[in-house]
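Everything on this sheet refers to the single structure shown next.
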Amino acid sequence: MSRTGTTPDRPTCAPSRAARELDLKRGEFELAVNLGLIRTVPDEGGGGRRVARAEIDRLRSGEGFPDILRERVATVGTTEGARLMEVAPTRFTSLARYGLLVPVTFYLNRYRTVVWLYLAEELRQFAAERSNAGLLTARRAPVEIREGLKAGMDRRPRNWRGRHVGFLTREAGDDPWARAAAVACLLDPAEVADVVPDPRERALLADRRPRLPAHGAPGSATAELAEELMTASEPDEVSWFRADLAHTLEEARRRHPVSGGLLPTPPPGPRPLAPTATATTTAT
């Protein structure tokens, strides 16, 4: 049974209870947390992130609840996204592969095909921008897009990683080692070892490592493909993550150095919520 704060010293709800009270599916709730639409607080008892009763009341009292909240976390796949933007699915895919449409999550179907999902709200905003009209209505995509796609360009995995690291670092809060771990978890372990030669620091990063979305049984072909998608691969992207990791490590070492074989104690509160494999609603 979920614990619900009913006393003055614990006016909070577990995520499952909060999702029910906000009329959200679990995936919708987790995406809302990632997007900063729902604020969570640490559970000092170590039971997981929780949601303050005041936060639930704030959201429930908002105009248009729960429809407005649901709309803000609604996701769509290629077919539905193309319909929202009034373009052919092939044009939608071209824009996404070129990097103009950024996925918010993904899953692998039974054929181990990657299905990218996008925020419906963002697609509507993109279509409404007058500067994007030519991208949507021209008979042919601009030459730079055609040339990029002909060369095999697909920025969807990279854009997802860039977006997801923002989710993870925000959830890491004020713990500098957790923030560094959020960056490190999207790098190949060999890259992390190169940037972080001290084994004690690498052990601390592993301890603070956030949980990435799970896809398939551990060790399965599906899980291996998902791991590949969640690991920075392009040279300039890897360089960016390495530089960001080095920068966050400088702050972590300054604030909480690892010395004498002792690892810094994490701030009170548990690790972030573990995202589910899919975020929500419609996928095609």
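Computed over heavy atoms, backbone and side chain alike; hydrogens, waters and symmetry mates excluded.
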Checklist entry - Is any side-chain heavy atom of L31 closer than 4.5 Å to a side-chain heavy atom of T105? => result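 They are not in side-chain contact.
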Checklist entry - Are L168 and C185 side-chain neighbours, meaning at least one heavy-atom pair lies under 4.5 Å? => result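 Touching, per the 4.5 Å side-chain cut-off.
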Next on the checklist: Once ring-ring contact (aromatic ring centres under 6.0 Å, His included) is applied, what residue pairs with a partner in residues 130-162 remain, sequence neighbours excluded?
Outcome noted: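 ring-ring contact (aromatic ring centres under 6.0 Å, His included) check on residues 130-162 returns F106-W160, W160-H164.
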Next on the checklist: Tell me which pairs pass ring-ring contact (aromatic ring centres under 6.0 Å, His included) where either residue lies in residues 71-96, with sequence neighbours left out.
Outcome noted: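 Found F92-Y118.
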Item to check | Residue list, side chain to side chain contact (heavy atoms under 4.5 Å, CB included) with D198, at least two apart or on another chain | outcome: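 Per chain and number, D198 pairs via side chain to side chain contact (heavy atoms under 4.5 Å, CB included) with R200, E201.
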Item to check | With sequence neighbours excluded, residues passing side chain to side chain contact (heavy atoms under 4.5 Å, CB included) with A18 | outcome: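 In terms of side chain to side chain contact (heavy atoms under 4.5 Å, CB included), with neighbours along the sequence ignored, A18 is linked to C13, F29, V51, I56.
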To the closest 0.5 Å, what do you measure between [atom1] ([X]) and [atom2] ([Y])?
| X | Y | atom1 | atom2 | result |
| --- | --- | --- | --- | --- |
| E251 | T248 | CD | OG1 | 8.0 Å |
| L229 | L186 | CG | CG | 11.5 Å |
| I38 | E30 | CD1 | CD | 10.0 Å |
| R242 | D244 | CZ | CG | 12.5 Å |
| R60 | R53 | CZ | CZ | 8.5 Å |
| L212 | H215 | CG | NE2 | 8.5 Å |

Quick check: does any side chain N or O of [X] sit under 3.5 Å from a backbone N or O of [Y], one acting as donor and the other as acceptor?
| X | Y | result |
| --- | --- | --- |
| R155 | Y98 | yes |
| R50 | T12 | yes |
| T169 | G166 | yes |
| E224 | A221 | no |
| S220 | G216 | no |
| R208 | R179 | no |

Item to check | Summary of salt bridge (Lys or Arg N to Asp or Glu O under 4.0 Å) pairs that have at least one residue in residues 226-238, sequence neighbours excluded | outcome: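 Checked against salt bridge (Lys or Arg N to Asp or Glu O under 4.0 Å) - neighbours excluded - the pairs reaching residues 226-238 are R158-E234, R158-D236, R161-E237.
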Item to check | Qualifying salt bridge (Lys or Arg N to Asp or Glu O under 4.0 Å) pairs with a residue from residues 87-114, counting only residues at least two apart or across chains | outcome: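 Sorted result for residues 87-114: R97-D154.
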Next on the checklist: For a side chain to side chain contact (heavy atoms under 4.5 Å, CB included) check, start with the C-alpha distance between W177 and V258, then their side-chain angles and the critical distance, and finish with the verdict.
Outcome noted: CA-CA 10 Å; W177 285 101; V258 177; 3.7 Å; yes
Quick check: closest heavy atoms across [X] and [Y], and the distance to 0.1 Å?
| X | Y | result |
| --- | --- | --- |
| T78 | P89 | CG2-O, 3.9 Å |
| A182 | V165 | O-CG2, 3.8 Å |
| V183 | F241 | CG1-O, 3.5 Å |
| A120 | L84 | CB-CD1, 3.8 Å |
| N159 | L101 | ND2-O, 4.5 Å |
| A181 | P210 | O-CD, 3.8 Å |

Next on the checklist: Would you say that more than 12 heavy atoms from the other residues, nucleotides or ligands in this model lie under 6.0 Å from the CZ of R253, or not?
Outcome noted: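 Check passes, neighbour count above 12.
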Checklist entry - Per the side-chain contact (heavy atoms from CB on, under 4.5 Å) rule, which among V114, L117, T113 passes with Y107? => result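 So the option named by the test is L117.
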Item to check | The single option from L249, L204, L187 passing side-chain contact (heavy atoms from CB on, under 4.5 Å) against V196 | outcome: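 Going through the options one by one, the only one that passes is L249.
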Checklist entry - Does V87 share a hydrophobic cluster with L95, counting links as ILVMFWY side-chain heavy atoms below 4.5 Å and allowing steps through other members? => result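 In one cluster with V87: L95, yes.
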Checklist entry - In the single-linkage hydrophobic clustering (I, L, V, M, F, W, Y; side-chain heavy atoms under 4.5 Å), do M230 and W116 co-cluster? => result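 Yes.
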Under the side chain to side chain donor-acceptor pair (under 3.5 Å) test, residues paired with [X] that sit two or more places apart:
| X | value |
| --- | --- |
| R83 | E80 |
| R163 | E122 |
| D188 | none |
| R58 | E55 |

Checklist entry - Can R72 and L35 be said to form a side chain to side chain contact (heavy atoms under 4.5 Å, CB included), step by step? => result CA-CA 9 Å; R72 297 190 68 183; L35 294 171; over 6 Å; no
Next on the checklist: Once salt bridge (Lys or Arg N to Asp or Glu O under 4.0 Å) is applied, do any residues pair with D23, and if so which ones, sequence neighbours excluded?
Outcome noted: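 For D23 there are no salt bridge (Lys or Arg N to Asp or Glu O under 4.0 Å) partners, ignoring immediate neighbours.
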Item to check | side chain to side chain contact (heavy atoms under 4.5 Å, CB included) evaluation trace for E71 with I68 | outcome: CA-CA 5 Å; E71 287 176 7; I68 296 299; 4.0 Å; yes
Checklist entry - Is it true that D174 and R255 make a salt bridge, defined as a side-chain N closer than 4.0 Å to a carboxylate O? => result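 Salt bridge present between D174 and R255.
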Checklist entry - Got a salt bridge between R70 and E28, using NZ or NE/NH1/NH2 to carboxylate O under 4.0 Å? => result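 So R70 does not pair with E28 through a salt bridge.
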Show me the donor-acceptor pairs, under 3.5 Å and distance only, between side chains in residues 131-152 and residues at least two apart or in other chains.
unit_1	atom_1	unit_2	atom_2	d
N132	ND2	F126	O	2.9
T137	OG1	A133	O	2.8
R146	NH1	A141	O	2.5

Next on the checklist: Determine whether L37 and L59 satisfy the following criterion, side chain to side chain contact (heavy atoms under 4.5 Å, CB included), listing intermediate values before the conclusion.
Outcome noted: CA-CA 9 Å; L37 303 176; L59 292 164; 5.9 Å; no
